[in-house]
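A short write-up of the structure that comes next.
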Amino acid sequence: MTILYTALMLLLYTIGATAEEFELRNIRYRVTSEENKTVKVTSFDNLNSTKKYSGDIVIPETFTKGSTSFADLISTNKESGSEWSHGFGFALGPVKLAFDWFVSSEQGYDWLVVTLDGNEILKKSGEESGHYEVTLTGHSTHSIGVYYRKDGSVSKGKDCGGIYNIVAGKTLTTYTVTSIDSYAFYECSDVTSIEIPSSITSIGDYAFYRCSFERLTIPCSVTEIGHSAFLGCKSLKYLILEDGASDLSLGCCDYYEDEDYGLFYGCPLNTVYIGRNITINSTSYGGWAPPFTWCDELKSVEIGGSVTDIRQDLFDNCRNIENITVEQGNIVYDSRSNCNAIIYTASNELCIGCKSTIIPNSITGIGDRAFYQRTGLTSIEIPNSVTRIGYEAFDGTTWYNNQPDGVVYAGKVLYKYKGTMPTNTYITIKEGTLGIAVSAFKDCSGLTNVTIPNSVTTVGRQAFFGCTELTSIEIPNSVTNIEYGVFSGCSNLKKIYTKAETPPTADIYSFSGVPTASVILYVPIGSKEAYAAADVWKEFTNIVEMSFGPKGDINGDDTVSVTDIQSIVNLILSATNVENNPAGDVNGDGTISVTDIQTIVNIILNIE
């Protein structure tokens with residue numbers, strides 16, 4: 001057996017820093033609570049030092065501090081080793097000695113051995129680390145031996161062991177490292193790796209500015225990361241946000257040319273694992289931007305089983321994502337059928353997609369910005385099950401950019417009017433269309449009239465927002481809900497035809513800015529009272545009943561017969577004008593007269 005023996009003289013020194021700050025194993029700490037025995041990792045610059053962190057940084061979860069500290073690190077390996085010892089006396093009686101230890105070796109064959117006064121007190125093998133304390137009595141001098149013993153040439157792990165943070169005192173104090181200070185590793189470009197312990201709860205602003213580590217794991221204990229914490233980390237490719245029940249609050253990045261950028265802007269992230277909910281600290285300097293905004297090199301995203309809330313804009317402008325998966329067992333989201341997308345399970349809405357997404361036939365909706373700025377998306381097949389598409393869902397994709405100006409359809413949904421709409425535009429939405437996307441005609445001031453077929457069941461929020469020249473709109477009875485802001489700002493609306501006998505539900509802002517006092521609301525015969533009592537609809541003061549049946553159906557029974565002749569006679573006798581009963585103008589000459597009677601007769605006789 002090869003015995004590597006370390007004999008080191010124990011150099012006694014008193015810590016020279018103030019009680020508030022001290023350095024152990026090349027990491028600087030500041031006490032944050034003497035009562036709770038907590039500290040944070042801080043910068044050497046706090047003491048006007050030119051010293052910078054470098055190399056591989058391992059932050060301990062806890063450490064023990066006494067009145068006296070000895071050698072910072074005693075490590076032995078297969079190539080060197082001698083006994084480390086020193087004699088010292090204690091005039092005040094029994095004293096406690098403590099140290100932390102580690103070993104990385106072939107399990108059961110290569111050993112870290114520590115002796116005290118020739119007696120073995122610690123023997124460890126494999127991949128382990130820990131803390132050891134002992135009370136020294138009796139002798140006036142003591143010696144510590146640190147050995148790394150091998151049985152042969154086989155090497156595993158780092159093939160070494162050692163002890164560190166060696167302290168002594170009448171009493172020992174154990175501190176817990178709970179945070180990483182703002183600017184702690186600022187411009188420490190020689191830091192090549194960082195291990196953050198599970199005791200850390202917060203990371204400050206600019207904490208790792210311009211560091212050079214390639215991999216980073218944020219433990220589940222961390223609940224807050226400040227703004228620009230990873231700005232300039234030009235080597236960071238692999239990120240893990242560990243599974244956890246607590247939300248992780250993230251700051252943003254400094255403003256660049258009056259734009260907001262996310263926390264990881266400028267990092268060449270390739271692979272990201274998200275194990276818990278993310279919130280954006282909107283009070284953080286730098287704005288509101290999601291953390292991965294403009295991470296152009298991001299290729300792979302995995303969502304953990306604990307995630308229950310995903311922002312739709314979480315990966316805004318991440319143009320080159322190729323793989324998206326949701327861990328099995330997630331009760332809120334899924335990536336069914338290997339679709340390469342995040343799907344909200346309860347509503348079957350595709351929340352976030354990528355250039356490799358294949359939309360399953362079970363999907364009924366596509367969320368806001370689901371494919372936003374995915375320039376790699378050149379084509380997309382949308383199943384007929386999709387009736388709803390959210391705001392800017394396909395904006396910035398190559399597929400959308402290649403569409404000609406005018407009305408753009410995505411599957412069975414009218415997605416958007418692309419380009420500048422000419423004045424006095426009349427649009428007839430094609431038959432078979434199932435939905436109108438969110439903001440489809442937003443701010444299309446040239447739109448004056450639109451015909452919506454009965455096949456449409458969904459009209460997205462703000463679909464006609466700001467269509468200031470829209471004068472007339474017909475809502476088919478297939479639409480049962482008028483979402484937020486659908487007609488907001490349509491200040492020139494004069495006539496609304498709604499064919500549903502039961503008033504569709506409407507948001508209080510559905511008709512915001514519409515002159516409800518002057519607009520004529522046409523409703524099916526027999527439903528005026530229902531509309532006059534319904535929320536939102538009751539704001540319209542001029543509600544008129546009319547037939548929406550076939551041409552010539554004056555009484556609203558969906559047929560054209562002699563009873564309709566009597567109905568039109570009654571209209572003529574009461575001098576009813578066209579605005580109060582548009583169905584009475586059967587021949588379309590702008591009046592209700594005996595000529596309309598003849599038109600009805602012709603319809604009955606199949607002449608028209």
Side-chain angles (χ1 to χ4, degrees), residues 424 426-429 431 447-456 469-480 482 487 490 492-504 506 511 514-534 536-608:
N424 298 318
Y426 189 117
I427 288 186
T428 300
I429 298 174
E431 291 290 338
L447 183 65
T448 58
N449 208 307
V450 62
T451 298
I452 304 174
N454 286 328
S455 57
V456 170
E469 298 305 314
L470 184 64
T471 59
S472 176
I473 188 75
E474 186 174 298
I475 304 171
N477 58 16
S478 54
V479 175
T480 58
I482 310 297
F487 298 106
C490 295
N492 277 313
L493 260 178
K494 294 177 173 55
K495 299 177 182 179
I496 299 176
Y497 301 87
T498 176
K499 296 182 176 181
E501 293 182 0
T502 301
F511 297 97
V514 172
T516 54
S518 60
V519 170
I520 301 175
L521 176 64
Y522 294 103
V523 301
I525 293 174
S527 62
K528 180 176 180 178
E529 288 187 7
Y531 277 87
V536 181
W537 296 105
K538 63 185 178 183
E539 302 299 324
F540 291 88
T541 58
N542 193 1
I543 303 176
V544 176
E545 291 185 347
M546 67 169 285
S547 170
F548 289 103
K551 180 180 178 180
D553 176 26
I554 310 301
N555 59 12
D557 63 359
D558 288 329
T559 62
V560 181
S561 64
V562 292
T563 58
D564 293 300
I565 296 175
Q566 183 59 56
S567 295
I568 205 163
V569 169
N570 294 338
L571 293 177
I572 295 170
L573 294 175
S574 62
T576 301
N577 60 35
V578 174
E579 278 197 346
N580 289 328
N581 198 320
D585 181 19
V586 184
N587 62 6
D589 65 357
T591 63
I592 301 176
S593 64
V594 292
T595 59
D596 295 301
I597 297 175
Q598 183 59 55
T599 303
I600 292 176
V601 171
N602 291 342
I603 292 172
I604 295 172
L605 297 175
N606 290 323
I607 297 174
E608 289 195 12

Once rounded to the nearest 0.5 Å, what's the spacing between atom [atom1] of [X] and atom [atom2] of [Y]?
| X | Y | atom1 | atom2 | value |
| --- | --- | --- | --- | --- |
| Ile496 | Ile520 | CD1 | CD1 | 11.0 Å |
| Ile525 | Asp557 | CD1 | CG | 8.5 Å |
| Asp596 | Ile565 | CG | CD1 | 11.5 Å |
| Leu605 | Gln598 | CG | CD | 8.5 Å |
| Asp553 | Ser547 | CG | OG | 3.5 Å |
| Ser472 | Asn492 | OG | CG | 12.5 Å |

### Query
Can you check side chain to side chain contact (heavy atoms under 4.5 Å, CB included) on Ile568 and Val586, steps first, answer last?
CA-CA 9 Å; Ile568 205 163; Val586 184; 4.0 Å; yes

Indicate yes or no for a side-chain donor-acceptor contact from [X] to the backbone of [Y] under 3.5 Å, with no hydrogens or angles considered.
| X | Y | result |
| --- | --- | --- |
| Asn555 | Ser567 | no |
| Ser478 | Asn454 | yes |
| Tyr531 | Val544 | no |
| Glu545 | Gly526 | yes |
| Asp585 | Gly590 | yes |
| Ser527 | Val523 | no |
| Asn542 | Val519 | no |
| Thr541 | Ala517 | yes |
| Asn580 | Asn577 | no |

### Query
Of all residues at least two apart in sequence or in a different chain, which pass the side chain to side chain contact (heavy atoms under 4.5 Å, CB included) check with Glu474?
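Once residues adjacent in sequence are excluded, the partners of Glu474 under the side chain to side chain contact (heavy atoms under 4.5 Å, CB included) criterion are Tyr497, Lys499.
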
### Query
Can you name the side chain to side chain contact (heavy atoms under 4.5 Å, CB included) partners of Pro453, sequence neighbours left out?
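If we apply the side chain to side chain contact (heavy atoms under 4.5 Å, CB included) test to Pro453, skipping adjacent residues, the hits are Ile429, Glu431, Ser455, Val456.
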
For a quick test of reading the model, state the closest non-hydrogen atom pair linking [X] to [Y] and the distance between them.
| X | Y | answer |
| --- | --- | --- |
| Pro515 | Cys490 | CD-O, 4.0 Å |
| Gly549 | Asp558 | CA-OD1, 3.6 Å |
| Ile597 | Ile572 | CD1-CD1, 3.9 Å |

### Message
Using side chain to side chain contact (heavy atoms under 4.5 Å, CB included), reason through Asp564 and Ile603 one step at a time and then give a plain yes or no.
### Response
CA-CA 11 Å; Asp564 293 300; Ile603 292 172; over 6 Å; no

### Task
Check whether any side-chain heavy atom of Thr498 lies under 4.5 Å from a side-chain heavy atom of Asn477, and answer yes or no.
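Sidechains of Asn477 and Thr498: no contact.
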
### Message
So Ile473 and Asn449, do their side chains get closer than 4.5 Å, heavy atoms only?
### Response
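No, every pair of side-chain atoms sits at 4.5 Å or beyond.
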
### Task
Show your reasoning for whether side chain to side chain contact (heavy atoms under 4.5 Å, CB included) applies to Ile600 and Ile604.
CA-CA 6 Å; Ile600 292 176; Ile604 295 172; 4.0 Å; yes

### Message
What verdict does the side chain to side chain contact (heavy atoms under 4.5 Å, CB included) test give for Lys528 and Tyr522, after you've listed the backbone C-alpha separation in whole Å, the side-chain angles of each residue and the deciding distance to 0.1 Å?
### Response
CA-CA 9 Å; Lys528 180 176 180 178; Tyr522 294 103; over 6 Å; no

### Message
So, using ring-ring contact (aromatic ring centres under 6.0 Å, His included) as the criterion, who are the partners of Phe511 when residues are at least two apart?
### Response
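With neighbours one apart ignored, the set is Phe487, Trp537, Phe540.
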
### Query
Does the side chain to side chain donor-acceptor pair (under 3.5 Å) test come out yes or no for Thr576 and Asn581, once each step is laid out?
CA-CA 7 Å; Thr576 301; Asn581 198 320; over 6 Å; no

